[in-house]
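See below for the structure under consideration.
Letters A, B, ... are given to chains in the order of the sequence lines, protein chains preceding strands, and every chain is numbered from 1. Quick note: numbers below take in every heavy atom, side chains included, and nothing from hydrogens, waters or symmetry partners.
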Protein chains: 2
Amino acid sequence: MADVLPRSDGALLRVCRGEPAPVTPVWFMRQAGRALPEYRAARGETPMLQACLDRDLIVELTLQPVRRYRVDAAILFSDITVPLALSGVSLRIEPGVGPVFDQPVRRAADVARIRPLDRGSMTPIVEAVRLLVGELAGIPLIGFAGAPFTLASYLVEGGPSRDHAVTKALMYSDPATWHALLDRLADISREFLLAQIDAGVSVVQVFDSWAGALHPDDYRRYVAPHSGKLLAGLPVPRIHFGVGTGELLPQFRAVGADVVGVDWRVPLDVAARRIGADAVVQGNLDPAVVFAPWPVLEAAVRDVLIRGRAARGHIFNLGHGVLPSTDPGVLAAIVDFVHAWSADRSARGVPTAVDRFGSEHPAAEAAG
Amino acid sequence: MADVLPRSDGALLRVCRGEPAPVTPVWFMRQAGRALPEYRAARGETPMLQACLDRDLIVELTLQPVRRYRVDAAILFSDITVPLALSGVSLRIEPGVGPVFDQPVRRAADVARIRPLDRGSMTPIVEAVRLLVGELAGIPLIGFAGAPFTLASYLVEGGPSRDHAVTKALMYSDPATWHALLDRLADISREFLLAQIDAGVSVVQVFDSWAGALHPDDYRRYVAPHSGKLLAGLPVPRIHFGVGTGELLPQFRAVGADVVGVDWRVPLDVAARRIGADAVVQGNLDPAVVFAPWPVLEAAVRDVLIRGRAARGHIFNLGHGVLPSTDPGVLAAIVDFVHAWSADRSARGVPTAVDRFGSEHPAAEAAG
């Protein structure tokens, strides 16, 4: 894989450990995806779950964005519902919709039907990780899994939901079943992560995509213990991300995240102060800013980098996944800009008293 | 309308003006809606836009929740897209989907096709407001309109959107067209409000449902001037609400809100501190908590009331609209509880050092 050069000299792992790094590392959530023509060509009509269990396809789709964008990390091509499918849950992933379940989970007997994850069923994934670690020649491979709340919401609703009403109704009215379900899901996602770690991933990211739908007290009572069980004591750095989690950021760290992923709504200096001393953050360019002309886009990227300096460490990323209509060339240009800007020590001295449009912003002093 | 008694002695208007009130006033966003069997009976198969232009139906649907719940305010039955339809925009509101537009707005010529709002076209609405003010016998009638960003997102996308990608692309890449569009929409929504105010509504609520999708700097540059134009100097109190706006709350106030509506994600004491001194807030019970058993629900309602005391004034509401599967009896019980609890001066002394589950919460000291 001669065209993949380690650009960052281990920057991603250093930042995860809270250590200084020579450049700001960068990767993109959903970097392996439909924005890439080579992805569309390789996946063709293969259904998502089938693709996630095809060793050679996993390897190819995981490597594509590393070749194309020269990002500082690969992320395993998979889906948060893969371990559910391997645990006996009947589901399919519908394009443009998301995961759809034939039998929603609503009572204790439904929970009992979800089997523990058998590592033997993960063979294609484990083999793909081993092959990838060799191919990547030192570029970190990020493993991943879904957090219990987000998996539970899909299972209880029977698919994606705008309001998570059925999920919350179960949570409030039958807490015994709720906690049994989330405990089971934490075990499954943990086993999914441990298999990836044993096979060689050097970082993991846990997605709690929908946790932002919860009031902070509900998150604390009904979700945090289970996310904590999933994350506790894993032997590699843990990134934890969700959307709309502005009020949950301190709890995301408290449940066991070494790095807190932040969506684009919360400026990183605000996020860092909210999380507390020694926060390491990941994010958070609005995925739609890639459609802006370069001067507007560059100002937005620079603003993220400047605000990120308020944290102890910063991994550059989007604030959510790459949108399918994104121009890959723009993402490549962002990677180059982040590396060049962050490697230039003189640029680090730029004052931060203004937002990216030149207006004063209230967070400036604390972020400086 | 003998069965409607003014319960709150003008509490809603007092709170809007920042004055003390004998009880906490309460109403519910989307209180006129499918949760009520009498609503489903009265609307039948009438399409939404047609219903919003039927004088007698507007009156009936607006009054139903006041009779049923004994809330402290009625809100005019309408839709934020009604003034667009009256301004020559071709649209329909599809059940379960939302507004769908035949010709999305993408360039300056599309903006030019949107006519200013002719007040003559609003006759059924104006007449309905006049009738309602008489029927309501002192209970405030809330008028409403959509804010420019949310209307623009529907127009540019051609309907509801998860990521607002096309909207943001236009905003970043063609700011002249963008600002022309939002300026036109501000004028239309302002005229829609002024007609309601002239006919007798005593409060207005402006919905910027999707503004929470914006980074605070983008809101400041691309949206705030237009929301400010819409709200400036209106002669009645202005409530301004959006979903996922935790980082935008101070700006929501700054553009001209007397009362800032808060979704359920941000505890009201946190919101009040973020907005600043003299904040008056509205909200913010999670609409899905109505599915909880009464003790869990009561604790959640009490928690909202206690946290609301951190603000200068508080109007009790949900943190988003009533969900269609809500039991109306539960909403009525919430109204009674809010009135009884807030009228009981001894209850006001309850300490706030714990969250509603009895755990300490970090915001407690500052909120006390």
* **From B:Lys168 atom NZ to A:Leu323 atom CG, the distance as rounded to the nearest 0.5 Å** => 8.5 Å
* Report yes or no: does B:Arg265 contribute a side-chain atom to a donor-acceptor pair with the main-chain N or O of A:Gly212 at less than 3.5 Å? => yes
* **Top contributor to chain A contacts, counting heavy-atom pairs under 4.5 Å, from B:His320, B:Arg274, B:His164, B:Arg162** => B:Arg274
* Can you tell which of B:Gly244, B:Pro287, B:Ala213 has the highest number of heavy-atom pairs within less than 4.5 Å of chain A? -> B:Ala213
* So which of B:Thr167, B:Asp163, B:Val266 has the largest heavy-atom pair count under 4.5 angstrom toward chain A? -> B:Val266
* So how far is it from B:Asp218 CG to A:Trp264 CH2, rounded to the nearest 0.5 Å? -> 11.5 Å
* Exceeds 12 heavy-atom contacts within 6.0 angstrom, atom CZ of B:Arg107 -> no
* To do: Working to the nearest 0.5 Å, report the span between CG of B:Asp303 and NE2 of A:His215.
  => 5.5 Å
* Asked: Which heavy atom of A:Tyr172 sits nearest a heavy atom of B:Pro293, and at what distance?
  -> O-CD, 3.4 Å
